[in-house]
Protein chains: 2
Amino acid sequence: MNSSLRLVTAEPGLSRYASLAQALRARVVAGEWPPGSALPAESQLASEHGVALGTMRRALELLVEQGYIERIHGKGTFVRQGLTGATMLRFFRFDSGTGEVPVSRILQRSRVSAPAAVSRTLGIGAGEPVLRLHRLRLMGGQPRLFEELWLPLDLFAPLAEDDLTEWDDLLYPMFARRVQVHVHRALDDIGFAQLSATQARHLGLPAGHPCAQVQRSAFDRTGRCVEVRTTRGDAHAFHYTVTIT
Amino acid sequence: MNSSLRLVTAEPGLSRYASLAQALRARVVAGEWPPGSALPAESQLASEHGVALGTMRRALELLVEQGYIERIHGKGTFVRQGLTGATMLRFFRFDSGTGEVPVSRILQRSRVSAPAAVSRTLGIGAGEPVLRLHRLRLMGGQPRLFEELWLPLDLFAPLAEDDLTEWDDLLYPMFARRVQVHVHRALDDIGFAQLSATQARHLGLPAGHPCAQVQRSAFDRTGRCVEVRTTRGDAHAFHYTVTIT
DNA sequence: AAGTGGTCTAGACCACTCT
DNA sequence: GAGTGGTCTAGACCACTTG
């Protein structure tokens, strides 16, 4: 129980609380405190680093802003779990707007070597093995979204040959549970296109039908890209709201 | 020079800094410090209200988050000007992607009584008079965006019959300068649709061509809706990026 | 040099959660 | 009641901007 001081060497041009935040973030990312677990109390962290309480609070506030931790009054400070999921629905409005989670059906799963564009986004070597999925999402029995996913095999190998009935409707909680991949941030690029014959068939729409197209890159806490996905759905069901300030 | 104390009665269930922020926001909204002007120094505000410096700083931080003021190290605290403009371009990518401001051409201006949907969004009585505009925006000589705008006449009367050559390419700075309407927040709802024959003609595209459609409501500092606008452009030029955390 | 906001300290006290 | 985070104080000192 040696309570040795952890002094943070002041980075040039960085305030002390910013340096502290950097150091703490590194320990979170390294897994010293796993997702969902509690950090030491702010008072303990402060004395451990030889700074005033207010300074440590500023550092922790930064990590909250950056999405690494969350604080609960009276309980403690916790490492955030990954994103919960169902987020694609934020872009589409189908008639049954009851907030229900779409049912997911895996149409195809194969081990392939990554196409150039995919390996570049995933940040892996050209032609490295990836898991490719075709996935249909249904609401009220109707097929609504068609997805293509690419997952780097080194992280997702256990999911390459299991029973497909073990796949959940929501992927991110499943990724966390079964392969310890926690999606921390996602970047969605929205565009417009027309459905290919194959895509259209799966969605029960005519080929060439206008579709909204969401290209997602998802990242874990270390900043590594762990998923590339393209989602397509009827353009007429698309809507999204942005607030500008 | 009476330095009387301005005590803020603590609202039940509100922290002192939150109450202070509320009180200061009311004075900003009321125009006690006009847009672009400086607030008193934080030290003066603190002693004026009989609170510690740190408490006043927390209050001012809140107003920064909410977009009412901005602080510049070494200079002071200033009431924010309205949004600058050119923001529609965030949704489209045309070949000449040089960040140039699109040239604006007013095609039509008329005084009409507000349609039901418009008067509802503007929060004015049914059939109240509004200024309706059709506006084309061009980049590199090519027509790219077609806009319909509705402005409540009580605020924009001076713009109802002036020389149209006095209209700028960017509306919001002009609104601030000529009718003292400062747009503080805007809400954009994105969807996909097809161009009507008239819309298509203005954009040099075939009728029924797919288009991205942005429906904007713009608000001033008091929270009043001061503009309703629909912007349409070629769906293939549309793109938008969202980060999820 | 004077005035501004930004950082940091070392406390006290309050509000919430759990047992 | 013990432990947590949230608020508030009354200072000191630093960094930036302007005359």
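Residue numbers begin at 1 in each chain, while the letters A, B, ... track the order of the sequences.
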| said: Return the CZ to OG1 distance between A/R185 and B/T245, rounded to the nearest 0.5 Å. | reply: 7.0 Å
| note | From CD of B/E61 across to P of D/dT7 the rounded distance in Å is 11 Å
| Residue-phosphate contact under 4.0 Å: B/R58 side-chain N/O, D/dC8 OP1/OP2 | no
| Rounded to whole angstrom units, what separation is found between the CG atom of A/L62 and the P atom of C/dG6? | 14 Å
| Where do A/F238 and A/F91 come nearest, in terms of heavy atoms and distance? | CD1-O, 3.1 Å
| message | If you assign each of A/V51 and A/G74 to its closest nucleotide in DNA chain C, which residue comes earlier from the 5' end? | response | A/V51
| task | Kindly indicate, with the supporting measurements, whether the criterion salt bridge (charged side-chain N to carboxylate O under 4.0 Å, His left out) is fulfilled by B/D188 and B/R90. | result | CA-CA 11 Å; B/D188 287 335; B/R90 81 179 55 209; 5.5 Å; no
| message | At 4.0 Å (heavy atoms only), tell me whether A/L53 reaches a base, stays on the sugar-phosphate, or touches nothing. | response | nothing
| d(CG, B/L60; C1', C/dG6) in whole Å | 13 Å
| field | salt_bridge(A/R178, A/D162) N-O dist < 4.0 Å | value | yes
| Would one find a side-chain N or O of A/T77 under 4.0 angstrom from OP1 or OP2 of D/dT4? | no
| task | Establish, with yes or no, whether the OP1 or OP2 oxygen of D/dT9 is under 4.0 angstrom from a side-chain nitrogen or oxygen of B/T55. | result | yes
| Phosphate OP1/OP2 of D/dT9 contacted by B/R16 side-chain N/O (<4.0 Å) | yes
| Rounded to the Å, how far apart are A/Q44 CD and D/dT4 P? | 8 Å
| task | Could you tell me which non-hydrogen atom of A/L45 sits nearest to which non-hydrogen atom of A/L39, and how far apart they are? | result | CD1-CD2, 4.5 Å
| Within 6.0 Å of CZ in B/R105, more than 12 heavy atoms from elsewhere | no
| said: With a cut-off of less than 4.0 Å, is there a side-chain N or O of A/R71 near OP1 or OP2 of D/dT4? | reply: no
| remark: Rounded to whole Å, CD1 of B/I69 lies from C1' of C/dG5 at a distance of 11 Å
| message | Whether B/K75 contacts C/dG3 is assessed here as follows: a side-chain N or O lying under 4.0 Å from the phosphate OP1 or OP2. Is that the case? | response | no
| query | Contact class for B/R57 vs. all strands (heavy atom < 4.0 Å): base, sugar-phosphate, or nothing? | reply | base
| field | Residue-level proximity of residues 28-43 of chain B to DNA chain C when a heavy atom falls under 4.0 Å | value | B/A41, B/E42
| remark: Whole-Å distance, B/L14 CG to D/dG6 P, equals 17 Å
| field | d(CE, B/M56; P, D/dC8) in whole Å | value | 12 Å
| Stacking between A/H73 and the base of D/dG6 (centre distance under 5.5 Å, interplanar angle under 30°)? | no
| What integer distance in Å separates A/Y17:OH from D/dC14:C1'? | 13 Å
| query | Of B/T55, B/L60, B/V51, which meets side chain to side chain contact (heavy atoms under 4.5 Å, CB included) against B/Y17? | reply | B/T55
| field | Greater than 12 external heavy atoms within 6.0 Å of A/R224's CZ | value | yes
